[in-house]
Structure formats: structure tokens, C-alpha cells
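Whatever order the structure lists them in is the order used to number ligands and atoms, beginning at 1. Note that the coordinates shown come from a computational prediction; the quantities given were computed from them, not determined experimentally.
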Amino acid sequence: MNPQEVAPETLAAQGLGEADPFSGGLAPVINLSTNYEQQPDGSYRQGRVYTRADNPTSEHAEQLLAALEGGGLEDGCACALFGSGMAAATAVFQSLLPGDHVLVSRVLYWGVRKWLAEFALTWGLDVEFTDTCDLAAVAAAIRPGRTRLLWVETPANPMWEITDLAAACDLAHAAGIRVAVDNTVATPVLTRPFESGADLVVHSATKYLNGHGDVLAGAVLTARRDPFWERIRSWRRNAGAMPGPFEAWLLQRGMRTLFLRVHRASQTALEIATRFRGHPALTAVLYPGLPDHPGHEIAARQMHGGFGGMLSIRVAGGAGPARDVLAAVRVFKRATSLGGVESLIEHRRGAEGPSSPVPDDLLRLSIGIEAPGDLIADLEAALEKGAPR
Ligand SMILES: Cc1ncc(COP(=O)(O)O)c(C=O)c1O
């Protein structure tokens with residue numbers, strides 16, 4: 001199969017379509033070796049020396065993800081797996097230099113915000129949070145010659161705000177700024193940030209890419225193999241941020257059903273958002289697929305085939321009723337994380353702690369692949385029990 005000639009769904013389903021060259025097996029082998037034999041002349045058969053730098057099982061998952069994210073690029077893109085989404089995200093920041101000014105989405109996954117708040121200063125980075133949905137605000141925050149990175153998450157946790165990637169990339173590039181996009185929530189199924197001009201794409205592969213709640217992994221992808229990319233790869237190797245081969249193997253297996261899972265979750269999320277919009281026990285349903293979401297028009301342009309499986313609800317009456325709704329669900333699982341096959345519900349502010357900017361009445365829903373009717377009935381019953389009318 002020529003990967004250039006088939007749709008991304010086909011590439012994903014067939015795990016790049018190559019049988020194992022030794023056995024002919026359709027499922028790839030897992031290579032657990034930590035080291036590789038050196039030849040008498042000092043060379044290595046395939047250039048690999050030690051697994052902290054290179055591993056064939058990781059490379060297989062990397063090539064598959066690169067094909068899914070970078071299919072639209074002339075030369076494709078390069079991918080490096082990491083031991084977690086946080087290891088991937090922080091590798092990008094840690095590859096910057098002291099004194100660099102960084103612009104970061106105001107609304108974003110709290111773990112990234114927390115790491116920046118705790119460590120960016122000691123790293124010498126000058127981090128500024130800005131509303132990346134407001135391009136005039138981004139333009140005003142740029143410090144010519146000092147701003148080196150714009151970090152965007154879209155849809156952004158947990159309000160699901162939408163940043164116009166093409167416009168943000170144009171703006172940043174005009175000032176010589178690199179753009180990194182956390183594409184965990186949209187996945188390459190719905191959005192391919194490189195096609196909008198992004199320089200780097202980051203994933204928590206723990207979420208949709210693996211999709212089964214049993215792997216912790218992350219990834220950074222680059223549109224070009226430049227010196228900054230070499231610093232990221234060098235950081236991974238020398239800081240020891242590589243995932244284990246078993247995680248990489250599970251990840252490639254998870255990605256085989258990525259399209260089915262993401263499409264199904266997106267359809268059900270839209271159904272749930274539409275069904276509960278205007279519900280008397282709620283003050284808001286936050287979902288970019290709803291026509292009254294402030295980012296809907298951009299999302300409709302930028303996300304292809306769905307608006308993702310993540311939504312949030314704001315419960316009338318505040319934190320108490322929100323926690324009552326949380327306690328009352330029977331099908332949704334009360335748990336953190338997102339992007340798995342089972343639907344999850346979480347009181348985000350409770351998970352993030354007292355410094356969280358998330359409203360106390362907000363419950364975050366990660367929609368899985370269950371029968372939509374079961375999820376709707378569960379939420380309906382929980383709202384009936386938990387929230388005041
Ligand atoms: C959008 C986003 N980025 C990054 C991360 C961090 O990923 P991990 O938990 O794999 O370290 C998460 C985790 O929830 C996330 O939701």
C-alpha cells in the first residue's frame with residue numbers, strides 16, 4: 001500500500017500497512033531491548049545504540065502519528081514520543097532559552113499552566129498568558145525580537161474556547177514567532193494544525209490517540225527538522241523522557257481505531273450538547289458544535305467531521321448542586337482524564353485546586369462510545385436528582 005494514495009483512516013486502521021518483515025505478522029512486534037549490538041567495526045546495524053534515544057516500536061507509533069498529522073505537508077513531518085503529555089509539552093518549553101518571552105493561551109489544560117507557574121521562572125522563561133481567541137490581544141502582547149513561542153490549545157480545557165489557528169499562525173509568523181498547538185482534544189481526525197501553518201503539534205497521547213485509558217504517553221511533532229527540533233529530540237534523549245516500548249506498542253494499537261472513536265464521541269457529544277442546551281437545571285452548555293458558542297464559526301471552518309467529544313455543563317445553583325449531579329450519575333464514570341472509550345464526568349475546579357480559574361459550577365464531560373441514549377438518560381436523571389429547579 002502506498003501511504004500517499006490512501007485516506008488517513010486507512011493508514012490508521014492498517015497501522016501504516018506494513019507487515020512485520022521477519023514473520024509476516026500483521027500486528028507489529030514489540031521490541032523491548034534496551035540496547036543494540038555493536039559490530040566489530042564499531043557500527044550499529046540500524047544506527048540504534050540505546051533505547052533512551054531510539055526504539056523501533058516507538059518509531060512505528062511515531063511514523064503513524066506523523067502520517068496522520070502531517071499528511072498534508074509536502075515532506076511530511078517528524079514525531080517524537082514522550083513518556084507523557086506533560087513530558088512532551090515541557091520538552092518544548094525546556095528547549096527555549098533563558099530570557100525568551102512566551103505567549104500562552106489563557107484557557108488551557110491546568111497541568112501545563114501549573115508547570116509554567118512553578119518552573120518557567122527558574123528556567124528563565126518570561127511567560128505571559130493571553131486570550132488567544134482575541135487576536136488583537138495576541139498582537140498587543142507580542143514583544144518584537146523577544147517573543148519566541150505562541151502556545152495554543154484549541155478547543156481549550158475546560159471551557160472549549162476556540163482559537164483561529166490560521167490567523168494566529170499568520171500573526172505569529174509575521175513577527176518571527178514559532179507556534180505550538182496542543183491538539184490533544186481535536187486530534188488529527190478533526191484538525192491538522194500543520195495545515196493552518198503551525199510549527200509544532202503536541203499531544204497527550206494518553207487521551208484519544210490511545211483511547212483506552214491504559215497508556216500514559218505524549219508526542220511532539222514538527223513541520224520541519226530544524227535546530228529547534230534537534231534540541232527537543234536531544235532533550236528527550238538526555239533528560240530520559242522516552243516512553244517504554246510497551247506503551248508505544250499499545251499506542252499504535254489504540255490509534256488503529258482512532259477515527260471510529262473520535263467520530264462516534266463527536267456525534268454523541270453534539271447530541272448531548274443539543275439535548276441539554278436550555279435545560280432548566282443548567283445555566284450553560286459549553287460545546288463548540290453549538291451554534292451559539294462564541295467559537296462556533298471558526299470551529300466549523302477548522303474542525304472537519306465533528307466538534308470533538310468534550311463538553312462542559314454549568315449547573316444552576318453553583319458548586320453544591322454541581323457536586324450533587326456528579327454524585328448522582330450511574331453510567332458516566334466519575335474520573336479525571338479524557339478521550340477514552342468510557343464517558344467520564346469531573347468537577348474540574350475540585351480537581352485543579354483552589355487556584356483554579358474554572359467556575360465552581362462546572363462539570364466536564366468526556367464522551368465515550370457508549371449508546372448515546374444511556375448517557376442522555378443518565379444525565380437527565382442526575383440533573384433531576386441533583387440540581388434545583
Ligand atoms: C490538553 C492536554 N494537554 C496535555 C495534557 C497532559 O497529558 P498527560 O496527562 O499525558 O501528561 C493533558 C492531560 O489531561 C491534556 O488534557
Side-chain angles (χ1 to χ4, degrees), residues 58 61 65 69 79-94 104-119 129 132 151-163 165 180-191 193 198 200-221 236 239-244 247-248 250-251 254-255 262 265 269 286 288 303 307-312 333 335-340 342 344-353 356-358 362 364-368:
S58 292
L65 182 52
E69 282 286 8
C79 174
L81 288 190
F82 284 80
S84 69
M86 284 309 300
T90 55
V92 175
F93 292 109
Q94 283 163 321
V104 180
S105 288
R106 191 175 42 89
V107 174
L108 87 161
Y109 168 59
W110 81 287
V112 173
R113 181 158 15 89
K114 191 167 186 299
W115 184 87
L116 287 169
E118 277 183 35
F119 295 106
F129 294 96
T132 54
W151 178 278
V152 175
E153 184 180 316
T154 182
N157 250 298
M159 315 298 280
W160 317 116
E161 290 187 355
I162 301 291
T163 296
L165 288 179
V181 178
D182 185 333
N183 202 30
T184 299
V185 170
T187 82
V189 175
L190 306 177
T191 304
L200 297 163
V201 170
V202 178
H203 279 279
S204 167
T206 314
K207 316 299 182 200
Y208 289 100
L209 295 181
N210 176 61
H212 292 76
D214 50 13
V215 167
L216 191 70
V220 182
L221 296 103
R236 181 182 72 164
M242 186 78 153
E247 281 70 21
L250 280 173
L251 177 57
M255 281 194 282
V262 169
L286 308 175
M303 302 180 80
F307 296 92
M310 297 302 300
L311 67 136
S312 295
K333 299 291 174 200
T336 194
S337 201
L338 59 98
E342 68 279 86
L344 308 177
I345 185 165
E346 186 183 30
H347 184 251
R348 248 344 258 176
R349 194 182 162 110
E352 296 186 11
S356 167
V358 176
L362 182 143
R364 187 181 82 173
L365 275 53
S366 170
I367 304 303

- Message: Please report the interatomic distance CG(Leu108) to CD(Glu161), rounded to the nearest 0.5 Å.
- Response: 10.5 Å
- Task: For side chain to side chain contact (heavy atoms under 4.5 Å, CB included), just list the numbers for Trp151 and Val92, CA-CA rounded to whole Å, side-chain angles, deciding distance to a tenth of an Å, and then say yes or no.
- Result: CA-CA 10 Å; Trp151 178 278; Val92 175; 4.1 Å; yes
- If you look at every heavy atom in Thr191 and Glu69, which pair is closest and at what distance?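 That would be O-OE1, 4.1 Å.
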- Verify the distance criterion only: is there a donor paired with an acceptor across the side chains of Asn157 and Arg348 at less than 3.5 Å? no
Does ligand 1 have any N/O atom under 3.5 Å from a protein N/O, and what are those pairs and their distances?
| unit_1 | atom_1 | unit_2 | atom_2 | d |
| --- | --- | --- | --- | --- |
| ligand 1 | 3 (N) | Asp182 | OD2 | 2.7 |
| ligand 1 | 7 (O) | Ser204 | OG | 3.0 |
| ligand 1 | 10 (O) | Gly85 | N | 2.9 |
| ligand 1 | 10 (O) | Ser204 | OG | 2.8 |
| ligand 1 | 10 (O) | Thr206 | OG1 | 2.6 |
| ligand 1 | 11 (O) | Gly85 | N | 3.1 |
| ligand 1 | 11 (O) | Met86 | N | 2.8 |
| ligand 1 | 14 (O) | Lys207 | NZ | 3.0 |
| ligand 1 | 16 (O) | Asn157 | ND2 | 3.4 |

- Sequence neighbours excluded, the answer for side chain to side chain donor-acceptor pair (under 3.5 Å) partners of Trp160 is Ser312
- Message: Please check this pair: side chain of Arg364 against backbone of Glu346, looking for a donor-acceptor N/O pair closer than 3.5 Å.
- Response: no
